[in-house]
A.B. asks: 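Have a look at this one before I ask anything.
All values derive from a computational prediction rather than experimental measurement.
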Amino acid sequence: MPYDHLADFLSDLHDSGELIRVVAEVDPVLEIAAITDRITQSADGGPALLFENVKQTALPVAVNLLGSEKRMCRALGVADVEEVAHRVAGLIRPALPDGWLEKLKLLPQFSQLTNLPPKTVATAISQQVVKVGRDIDLGELPQLHCRPKETAPFITRGQIHTVDPVTGTRHVGNVPLEIRGATSALVHWTPHDVGFQNFRKTCQLGKQTPVAVSLGGDPLLDFICTLPLPADSDPLVFGGFLRDKNIEVVACRSVELQAPAHAEIVLEGYIDALQELQPGSEFGSRTGFYAPRMPRPLLQLTALTHRANPVFPTTVFGQPPREEFWMNRAVQRIFRPLIKLFLPEIEDFHLPRSGAGRNICIVSINKTYPQQARKVMNGIWSLNQLMYSKLVVVVDAGVDLHNEEQVWFQVGANLDPARDVFQTSGPADYLDHANAIAGTGAKIGLDATTKFPEETQSRAWPAQLDMPQEIVDLIERRWPDYKIGKIPTREDKNPPQNG
């Protein structure tokens with residue numbers, strides 16, 4: 001069942017032991033981030049936290065809300081993320097029956113998206129309190145500094161709403177907002193962001209860019225901001241599909257946009273087409289490093305609305321593991337059917353934690369012809385968010401991509417550096433400090449698949465060692481008879497002991 005309000009999600013998490021309420025006074029400058037850093041190092045992601053007594057603000061701060069597989073599933077309303085992946089697979093590639101009656105039964109399946117557009121309502125709890133003009137004061141919000149070099153407070157969990165001025169298509173994304181005063185903030189877009197492209201198009205028309213920033217509401221809204229959807233699709237429509245219920249929106253008070261009706265806080269304003277971009281300060285990014293200083297557009301607020309007694313949701317960026325790791329993991333599983341639609345030979349793909357969920361992509365394929373691994377590498381680099389992968393490793397189907405020891409064994413065994421290393425260049429993450437030129441960089445692919453004769457000048461390729469399954473079953477059944485302790489696994493740190 002979807003959550004309309006953040007309060008409902010917090011209450012549910014508390015009842016299930018997934019939320020810890022911190023009543024001790026905490027400082028929004030570094031202390032909250034340091035606590036979150038420690039909590040997210042837990043193997044399971046740690047609990048969600050609600051800081052109820054934050055210095056210099058009356059608002060409680062919620063963090064790590066989606067920072068575990070269990071909480072991601074709870075927000076999606078499923079026992080396992082694969083349930084959502086199956087729904088997506090059925091939507092893009094349904095089974096086609098023969099009889100006309102059976103075909104009619106498919107119509108509800110195809111109409112899942114068209115039946116779940118955002119629902120406009122006249123009144124909303126996100127507008128229980130409305131502030132305009134001189135009443136707007138971003139200083140009333142928690143002034144969060146997460147890293148020592150951040151010279152300004154940041155809003156890191158804002159859902160940033162813009163509209164393509166040509167097509168009218170809504171976009172919702174998530175980038176940090178740097179608070180610059182009581183009524184202004186810098187939007188930390190990069191040129192690859194759809195929101196920034198909407199801003200540029202509006203400037204070319206000589207108009208102001210309306211922007212709405214919502215915080216809270218259904219926790220799935222934060223997840224939707226991370227999805228690699230096509231630029232011409234409405235994220236709130238797909239959000240309705242995920243929650244199997246329309247997302248309610250309300251007209252903003254001062255700009256011609258809509259915002260989620262159940263948000264905790266909504267900031268409204270414009271970016272002036274004639275206003276020059278301003279240098280942003282450093283901030284701790286999701287790469288685990290400080291983001292490069294770049295010119296940013298300045299958002300001037302025209303209204304600030306919120307529900308009575310709102311909660312301020314935030315996230316703390318940094319080196320994984322942390323909340324974004326669990327969100328990215330869910331994205332990978334949900335969108336695997338869509339990736340396979342474009343690259344059908346892919347069995348699975350994985351963005352490991354060691355690559356910050358973006359720098360490294362490991363792919364397993366069902367290989368049927370020579371050089372197929374290179375075709376897959378180029379396909380990966382052509383797909384939206386995956387284009388940021390600096391290293392793509394391709395292995396054969398059946399390799400456990402989540403076991404990095406298995407993956408690197410295949411690289412060591414099957415890769416000839418002179419033949420199987422592929423280099424190219426293209427768009428890169430603007431937050432990647434390693435590139436000589438921001439936004440562009442080199443990419444490398446490793447073909448660790450079994451080679452066909454055409455790829456080895458007809459040299460025979462050996463079969464990997466294995467053991468007949470009947471023998472494996474036999475020794476597992478008879479293991480107690482051997483009296484040499486428990487059956488060892490690769491995860492065991494201690495060798496078996498004689499009983």
A.B. asks: Check whether any side-chain heavy atom of Leu49 lies under 4.5 Å from a side-chain heavy atom of Ile32, and answer yes or no.
C.D. replies: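 No, side chains not in contact.
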A.B. asks: Do you see a donor-acceptor pair shorter than 3.5 Å between the side chains of Ser126 and His306?
C.D. replies: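 Distance-only check fails for Ser126 and His306.
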A.B. asks: Looking only at side-chain N and O atoms, does Glu347 offer a donor or acceptor that is under 3.5 Å from a partner on Ser364?
C.D. replies: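 Side-chain D/A pair, Ser364 to Glu347: present.
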A.B. asks: Measuring only between side-chain heavy atoms, which start at C-beta, is Glu25 closer than 4.5 Å to Phe51?
C.D. replies: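 Not in contact.
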A.B. asks: Between Thr314 and Thr156, does any side-chain donor sit less than 3.5 Å from a side-chain acceptor?
C.D. replies: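 Yes.
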A.B. asks: Should the pair Lys390-Asp429 be classified as a salt bridge under the 4.0 Å nitrogen-to-oxygen rule?
C.D. replies: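 Answer for the salt bridge query: no.
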A.B. asks: Decide whether Asp12 and Tyr3 meet the rule of one side-chain donor and one side-chain acceptor closer than 3.5 Å.
C.D. replies: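 Short answer, yes.
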A.B. asks: I'd like to know if Glu323 and Arg286 make a salt bridge, using a cut-off of under 4.0 Å between side-chain N and carboxylate O.
C.D. replies: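 Arg286 and Glu323: not salt-bridged.
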A.B. asks: Answer yes or no: is there an ion pair linking Arg322 with Asp37, defined by an N-O contact shorter than 4.0 Å?
C.D. replies: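 Here Arg322 pairs with Asp37 in a salt bridge, since their nearest N and O are under 4.0 Å apart.
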A.B. asks: Is NZ or CZ of Arg87 both nearer than 6.0 Å to the six-membered ring centre of Phe241 and within 45° of the ring axis?
C.D. replies: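 Ring-cation test returns yes.
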A.B. asks: Report all side-chain donor-acceptor pairs from residues 433-445 shorter than 3.5 Å, counting only partners two or more places apart or in another chain.
C.D. replies:
residue	atom	partner	partner atom	Å
Lys443	NZ	Met387	O	2.6
Lys443	NZ	Pro427	O	2.7

A.B. asks: Contact between Glu150 and Glu282 at the side-chain level, heavy atoms closer than 4.5 Å - yes or no?
C.D. replies: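 With C-beta onward as the side chain, the pair stays apart.
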A.B. asks: Check ring pair (Phe, Tyr, Trp, His ring centres under 6.0 Å) between His171 and all other residues, then give those that pass, not counting sequence neighbours.
C.D. replies: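 None.
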A.B. asks: Aromatic rings Tyr430 and His192: how do their planes relate, parallel, tilted or perpendicular, breaks at 30° and 60°?
C.D. replies: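 Taking His192 first and then Tyr430, their aromatic rings stand perpendicular (interplane angle over 60°).
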A.B. asks: With no hydrogens and no angle check, do the side chains of Gln159 and Asp222 hold a donor and an acceptor under 3.5 Å apart?
C.D. replies: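 Yes, because at least one side-chain N or O of Gln159 sits under 3.5 Å from a partner of the opposite role on Asp222.
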A.B. asks: Under a 3.5 Å threshold, yes or no: a donor from one side chain and an acceptor from the other, between Thr120 and Gln258?
C.D. replies: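 Yes - a donor-acceptor pair under 3.5 Å links their side chains.
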A.B. asks: Any salt bridge between Glu264 and Arg157, counting N to O under 4.0 Å?
C.D. replies: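 So Glu264 does not pair with Arg157 through a salt bridge.
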A.B. asks: Can you list every pair that meets side chain to side chain donor-acceptor pair (under 3.5 Å) and has a residue in residues 287-303, with sequence neighbours left out?
C.D. replies: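 Listed once each, the pairs are His188-Arg296, Ser254-Thr302, Ser285-Thr287.
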A.B. asks: Working to the nearest 0.5 Å, report the span between CG of Leu65 and CZ of Phe9.
C.D. replies: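 Rounded to the nearest 0.5 Å, the CG-CZ separation comes out at 6.0 Å.
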A.B. asks: Taking side chain to side chain donor-acceptor pair (under 3.5 Å) as the cut-off, I'd like each qualifying pair that reaches into residues 41-55, sequence neighbours left out, listed once.
C.D. replies: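 Counting only pairs at least two positions apart or across chains, the side chain to side chain donor-acceptor pair (under 3.5 Å) contacts touching residues 41-55 are Arg21-Glu52.
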A.B. asks: Would you confirm whether Thr202, through its side chain, and Asn198, through its main-chain N or O, come within 3.5 Å as a donor-acceptor pair?
C.D. replies: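 The answer is yes, because a donor-acceptor pair under 3.5 Å joins these two groups.
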A.B. asks: Would you compute the distance between atom CG of Leu6 and atom CG of Asp218 and round it to the nearest 0.5 angstrom?
C.D. replies: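 These two atoms lie 9.5 Å from each other.
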A.B. asks: Assess the side chains of Glu248 and His262: does a donor N or O sit below 3.5 Å from an acceptor N or O?
C.D. replies: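 There is such a pair between these side chains.
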A.B. asks: One thing to verify: whether Arg170 and Asp164 come together as a salt bridge, which I'm taking to mean a side-chain N less than 4.0 angstrom from a carboxylate O.
C.D. replies: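 Not counted as a salt bridge, because no side-chain N and carboxylate O are separated by less than 4.0 Å.
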A.B. asks: With distance as the sole criterion, is a donor-acceptor pair present between the side chains of Thr57 and Gln143 under 3.5 Å?
C.D. replies: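 Result is no, nothing qualifies.
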A.B. asks: Using the test salt bridge (Lys or Arg N to Asp or Glu O under 4.0 Å), find all partners of Glu18 that sit at least two apart in sequence or belong to another chain.
C.D. replies: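 Testing Glu18 for salt bridge (Lys or Arg N to Asp or Glu O under 4.0 Å), a comparison that skips the adjacent residues, returns Lys70, Arg71.
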A.B. asks: Per the side chain to side chain contact (heavy atoms under 4.5 Å, CB included) rule, which among Arg333, His86, Gln332 passes with Val81?
C.D. replies: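 With Val81 as partner, side chain to side chain contact (heavy atoms under 4.5 Å, CB included) holds for just one option, Arg333.
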A.B. asks: Between Glu69 and Arg74, does any NZ, NE, NH1 or NH2 come within less than 4.0 Å of an OD or OE carboxylate oxygen?
C.D. replies: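 A salt bridge is absent here (no side-chain N lies under 4.0 Å from a carboxylate O).
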A.B. asks: Is a donor from one side chain sitting under 3.5 angstrom from an acceptor on the other, for Ser11 and Asp8?
C.D. replies: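 No, no side-chain donor-acceptor pair sits under 3.5 Å.
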A.B. asks: Which residues pass the side chain to side chain contact (heavy atoms under 4.5 Å, CB included) test with Val29, sequence neighbours left out?
C.D. replies: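 With sequence neighbours excluded, Val29 shows a side chain to side chain contact (heavy atoms under 4.5 Å, CB included) to Asp27, His145, given in chain and number order.
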A.B. asks: Determine, for Glu268 against Arg253, whether the closest basic-nitrogen to carboxylate-oxygen distance falls under 4.0 angstrom.
C.D. replies: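 Not counted as a salt bridge, because no side-chain N and carboxylate O are separated by less than 4.0 Å.
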